[in-house]
Amino acid sequence: MDKVYSPRAVEEKWQKAWMTEEFYQAYKFKNDGRPVFTIDTPPPFTSGELHMGHAYWNVINDTVARYKRMTGHDVILPQGWDCQGLPTELKVQYRWKISREDRDLFRRKCVEWTANMIDSMKRTMIRLGYRPDWEQFEYRTMDKSYWRAVQESLIQMHEKGLIYRKEFPVHWCSKCGTALAQAELGYIQKKGKLYHLRFSLGDRDLEVATTRPELLNACQALAVNPGDSRYSWAVGKDATVPIFGHKVKVLSDSSVDMEFGTGVVMICTYGDEQDIRWQQIHKLPVIRSVDEYGRMVNAGKYSGMKVSDAREQISKDLEAEGSLISTEEFVHNVLAHTERADCMTPIEFLTKDQWFIKSMDFKETVLREAERMGWIPEFVHGRLVDWVESIEWDWLISRQRVFGTPIPFWFCADCNYIISPRREDLPVDTSSTPPPVERCPKCGGGRIAGTTDVCDCWVDSSITPLIVTGYFKDRGLFERAYPVDLRQQGHDIVRTWMYYTILRCSVLTGTGPFKGALVNGHILGPDGTRMSKSKGNVIIPEQGINQYGSDAIRQALFSLTIGSDFPFKWEPVKYGKSFLQKLWSSARFAEGFFSGRGTKISPRAMDETDKWIISRLKEAICKSRDAMEKYQFHIAVDVLQKFYWHEFCDQYIEAVKPRLYSPRSAEDKAVAVTVLYTVIWNFIRLLAPICPHITEEIYQKLFRDEMGFVSIHASPYPKAEELPEVDGTIGEKVISMIALLRSRKVESQMALSAEVRMAVIHGNSEELNAYKENEWLIRQVLHINDLEYKIGERDAELIR
RNA sequence: GGGCCGGUCGUCUAGUUUGGCUAGGAUACCGCCCUGACACGGCGGUGGUCUCCGGUUCGAGUCCGGACCGGCCCA
């Protein structure tokens, strides 16, 4: 073995080997009757760059899977790719200047681009030591087979009466030209103006504050709070809308905020979600004022202008007319297209035909299934509950885009009746495929239309537990593997991936998809803020893999508590690297003595320090197992590092040297070697799920011949019961006295190997007995010629 | 405005569920040591009273109440 451990060469060697048929046996899901353990792993969006956050997910999944395999499970570790979505379309549009109108060509380019992105991301995943069952469980949401599954799932939902098409005010992004789901929206702070307008009620005027005067044409009412005495006189009267001149009623509504602006609000169809509620409650007419491209319509001379220009112009005209009382600068929160896109465009409400899944009916179902799951950390459950309770509309699943799974239905243009494709025709694109019927089965009409709409990306990804358990193709497997044991994901997508998956899988199968969820935090940039390209604080794993090795990165990623965010720092990675070197050096030291070894040690032949290290090893095994079962990786890493470095290397190896270099007896040396062998053999298996490469290397070099497993990852995780019953208390006293004497030597500026004429050690009678029985060892380790004992407080002094 | 999470040596962090030995580590820093696995090492040291205030208790980082600060989610 080389003196210095070089992760790069070793890691690459094993990564390659693990992909071969021989080693695949250790990673393959065999469906051979052992208990199945299934992990629903997050399919990353195929942006092409695998950052440290992705690496974190991969490492968690990989470590859980390796641990579960070593504890006797038949593990399904899938890895998917979330391919379809706006960012890719925007890239393709920009890079190749291809119009979305040419749908086939556009789609082909998206697929081509995405395939390249996957290659590059997969390479990094493999370099992290991640080893999912690529052969059986890799999926890409853009593949025809995946489309078939998504479409099948939608047809099944339709058969349960859960899909409908309806004209509805939808959140619309005018820049991206598509409707959006609630989950794709967020609030951004925007500077704007608050315009105070004068509405005439004949003899008196009302002052109304609004941020959107350009919507005046769609103004359908004014409203005041019933408790607002300032305006009780106005309720029920007609007001004249400035510029446009139409008359609207002054309504009374308790949800009007008396504190905001003047306390009078103008209701337009539609400025915001509150307008939609008011429109429905007060049954107001609907006037459309903005089109798909963000331009004004039904607005007289303003028609055709961009919204922002119209706002400018109308405010000038209001001023000229004398209806503008004042304007004030104003910072407000604007609903915008914030998720999964850099778009940030404020959204408008448009009335359009859209496809929906009836999700409002299943709030109770989702809450019930979420209740039955185990959540790590607990509080994430509460976050899902809050989200479910706050949902107000059904799930809008259609997108007016190209790179997505086609909505697999036709509809009757006369009565909106929905027509499903034949199963054997899946996947279908109803915009180019003729319908299976000529006339509407409901109204008999002959106008059957397909759609160019595609599915929201969450429609794709919300069936991953069904995909990986074979719901669509292998019912036998499905019965055994569903619900999946563990869903691992980030806390930012609880309201999307988690919610939609529980909803869809529960409705389709009648049972919630997860036994447990492990919800992790974010890996932040070193500055503690979210990684983003524009801030230049993105950390990619490749930066450190060559220098420190992925085993070091893996240790560092596990130093955080699951669920909390974590600014990425290189220091813990460096520490991880040092630990690898320590492990390497100790194995190299031990290797020299490993001839004619045996694995069975008898407690009777053991030295007291042997018993001590074996008892410490047993405790490390118990703690590590316990931590791994609870997914407390940071505890497992901590326990293992401390045991190996500070107990085994610092104490035991130092104390065992005389027994190896100048043994009292051949038998005692053999026992010492066996203990070294046992500790290292057990320890590398404890560490294997976390640091798969170095442990494999040491296994293959030192243990493979005797143990016979093809890989350390095919060996069983250690059990404390397999080691002899020992009492380490005397050994602990001896070890701690040796440590004390060593520090006394350092204090007197003596080299550890320097000869000491005499040492006097103090202790109670029990301690002194322990020291006396092990006098040979103490003297040899510290090169002390003579030892004297004194009753007293535990202490030691050197006499030169 | 509502909800959640958190605030422990310069920095990161364990301990808080089930109050109790001198608050444990790591890193950085300083000093000594190249000792026959390892200088990517060994030994030792400086450094915190646990955000603040009040309460319960023989005893609180740990429980209760309040305030302040930070982060996230939602409106």
Side-chain angles (χ1 to χ4, degrees), chain A residues 1-7 182-183 185-187 255 257 259-260 272-274 332-333 335 338-339 377-392 490-496 519 521-522 524 526 528-530 547-549 552 555-556 559-561 563-593 632 634-635 637-639 641-642 645-646 648-654 656-658 660-662 676 680 739-755 781-783:
Chain A
M1 289 170 81
D2 294 338
K3 183 172 168 183
V4 175
Y5 175 64
S6 339
Q182 217 177 336
L185 310 172
Y187 285 83
S255 52
D257 181 358
E259 305 296 318
F260 181 82
D272 60 26
E273 299 190 9
Q274 189 56 45
H332 56 143
N333 292 330
L335 199 58
T338 56
E339 294 301 311
E378 253 314 304
F379 70 82
V380 179
H381 177 215
R383 198 173 281 185
L384 180 82
V385 171
D386 287 350
W387 172 248
V388 172
E389 286 172 350
S390 74
I391 295 172
E392 297 190 40
H491 62 51
D492 54 330
I493 51 174
V494 167
R495 64 175 177 154
T496 50
V519 180
H522 280 133
L524 306 172
T529 65
R530 243 179 130 137
Q547 197 181 347
Y548 304 109
Q555 288 175 74
S559 60
L560 84 155
T561 316
S564 54
D565 292 345
F566 180 69
F568 190 81
K569 300 261 164 67
W570 288 106
E571 281 75 28
V573 180
K574 288 180 196 160
Y575 179 77
K577 173 73 196 306
S578 306
F579 183 74
L580 297 180
Q581 179 61 44
K582 193 76 186 173
L583 173 59
W584 184 253
S585 306
S586 61
R588 182 165 155 264
F589 165 77
E591 185 197 22
F593 303 99
Q632 292 175 332
H634 64 297
I635 303 229
V637 168
D638 193 55
V639 163
Q641 288 174 344
K642 282 187 178 141
W645 198 320
H646 300 299
F648 182 61
C649 291
D650 289 352
Q651 309 296 338
Y652 183 78
I653 288 187
E654 289 308 320
V656 85
K657 282 175 181 172
L660 301 171
Y661 290 129
S662 47
L676 276 183
I680 297 177
L740 182 62
L741 286 161
R742 283 170 71 198
S743 48
R744 289 283 181 268
K745 277 185 112 168
V746 170
E747 280 164 24
S748 348
Q749 307 210 352
M750 294 173 84
L752 211 62
S753 57
E755 292 249 328
V781 172
L782 294 138
H783 303 271

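Values in this document were obtained by computation on a predicted structure and should not be read as measured data. We name chains A, B, ... by the order of the sequence lines, and we start the count at 1 in each one. Values below: every heavy atom of this structure, side chains too, minus hydrogens, waters and symmetry copies.
For the pair A:D257 CG and B:rG1 C1', the computed distance is 10 Å after rounding to whole Å. The nearest whole Å value for the distance from the CZ atom in A:R588 to the C1' atom in B:rG36 is 11 Å. In this structure, NE2 of A:H634 is placed 9 Å from C1' of B:rU13, rounded to the nearest angstrom. A straight line from CD of A:Q274 to P of B:rA75 spans 13 Å, rounded to a whole angstrom. Taking atom NE2 on A:H491 and atom P on B:rG71, their separation rounds to 14 Å, with Å as the unit. Between A:K745 atom NZ and B:rG44 atom P there is a gap of 15 Å when expressed in whole angstrom units. Atom-to-atom, CD of A:E389 to P of B:rC73 comes out at 20 Å; the value is rounded to the nearest Å. Between the CD atom of A:Q641 and the C1' atom of B:rC40 there is a distance of 14 Å, given to the nearest Å.
Minimum heavy-atom separation, A:L580 to A:Q555: CD2-NE2, 3.5 Å. Taking every heavy atom of both residues into account, A:A552 and A:V573 meet most closely at CB-O, 3.5 Å. Minimum heavy-atom separation, A:V380 to A:V519: CG1-CG2, 3.8 Å. Residues A:F589 and A:I653 share a closest heavy-atom pair of CE2-CG2, 3.6 Å. In terms of heavy-atom proximity, A:W387 sits nearest to A:R495 at NE1-O, 3.0 Å.
Taking 3.5 Å as the limit, the base of B:rC40 and the side chain of A:K577 contain a donor-acceptor pair of atoms between them.
The listed nucleotides are B:rC38, B:rC73, B:rC74; the one nearest the side chain of A:W387 is B:rC74. Checked against B:rC74, B:rC38, B:rC72, the side chain of A:K3 finds its nearest nucleotide in B:rC38. Nearest nucleotide to the A:S743 side chain, out of B:rG44, B:rC74, B:rC40: B:rG44. Among B:rG42, B:rC74, B:rC38, the nucleotide with an atom closest to any side-chain atom of A:D650 is B:rG42.
The side chain of A:S578 contributes an N or O atom lying less than 4.0 Å from OP1 or OP2 of B:rG41. Applying the 4.0 Å criterion to OP1 and OP2 of B:rA39, one finds that A:K582 has every side-chain N and O outside that range. The side chain of A:R495 contributes an N or O atom lying less than 4.0 Å from OP1 or OP2 of B:rC74.
Nucleotides B:rG19 and B:rC64 place their C1' atoms 13 Å apart, quoted to the nearest Å. Going from the C1' atom of B:rA28 to that of B:rG10 covers 8 Å, rounded to whole Å. Separation of the C1' atoms belonging to B:rU8 and B:rA60 is 14 Å when rounded to the nearest angstrom. Taking atom P in both B:rG61 and B:rU46, one finds a spacing of 22 Å when rounded to whole Å. For the C1' atoms, the distance from B:rU56 to B:rG65 is 11 Å, rounded to whole Å. A gap of 24 Å separates the P atoms of B:rC50 and B:rG45, to the nearest Å. Rounded to whole Å, the P atom of B:rC30 lies 29 Å from the corresponding atom of B:rU51. Comparing B:rG24 with B:rA67, their C1' atoms sit 30 Å apart, to the nearest whole Å.
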Quiz item: Based on Watson-Crick and G-U pairs with both distances under 3.5 Å, what dot-bracket line describes RNA chain B 5' to 3', crossing pairs as [ ] and inter-strand pairs as |?
Solution: (((((((..((((......[...)))).(((((.......))))).....(((((..]....)))))))))))).

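The ring of A:W645 has its center closer than 6.0 angstrom to the ring center of A:Y575.
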Exercise. Show your working on side-chain contact (heavy atoms from CB on, under 4.5 Å) between A:F648 and A:I680 and close with a plain yes or no.
Key: CA-CA 9 Å; A:F648 182 61; A:I680 297 177; 4.0 Å; yes

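Residues A:H783 and A:K745 form a side-chain contact, since some pair of their non-hydrogen atoms from C-beta on lies under 4.5 Å apart. Using a 4.5 Å heavy-atom threshold, the side chains of A:D650 and A:K582 count as touching. Looking at heavy atoms from C-beta onward, A:Q581 lies in side-chain contact with A:S585 at the 4.5 angstrom threshold.
Mapping A:K569 and A:C649 onto RNA chain B via the closest heavy atom, the residue that lands nearer the 5' end is A:K569. Mapping A:V4 and A:I635 onto RNA chain B by nearest heavy atom places A:I635 at the nucleotide closer to the 5' end.
Residue A:L580 is out of contact with every strand shown, counting any heavy-atom pair closer than 4.0 Å. Using a 4.0 Å heavy-atom criterion, one finds that A:E591 contacts no nucleic acid atom at all.
A:Q641 contributes no side-chain N or O that, together with a main-chain N or O of A:H646, makes up a donor-acceptor pair within less than 3.5 Å.
Taken to the nearest 0.5 Å, the NE2 atom of A:H381 stands 10.0 Å off from the CG atom of A:D386.
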Practice problem: At under 4.0 Å between heavy atoms, which parts of nucleotides 23-30 of chain B does protein reach? Answer with one letter per nucleotide, 5' to 3': B base, S sugar-phosphate only, - none. | Solution: --SSS---

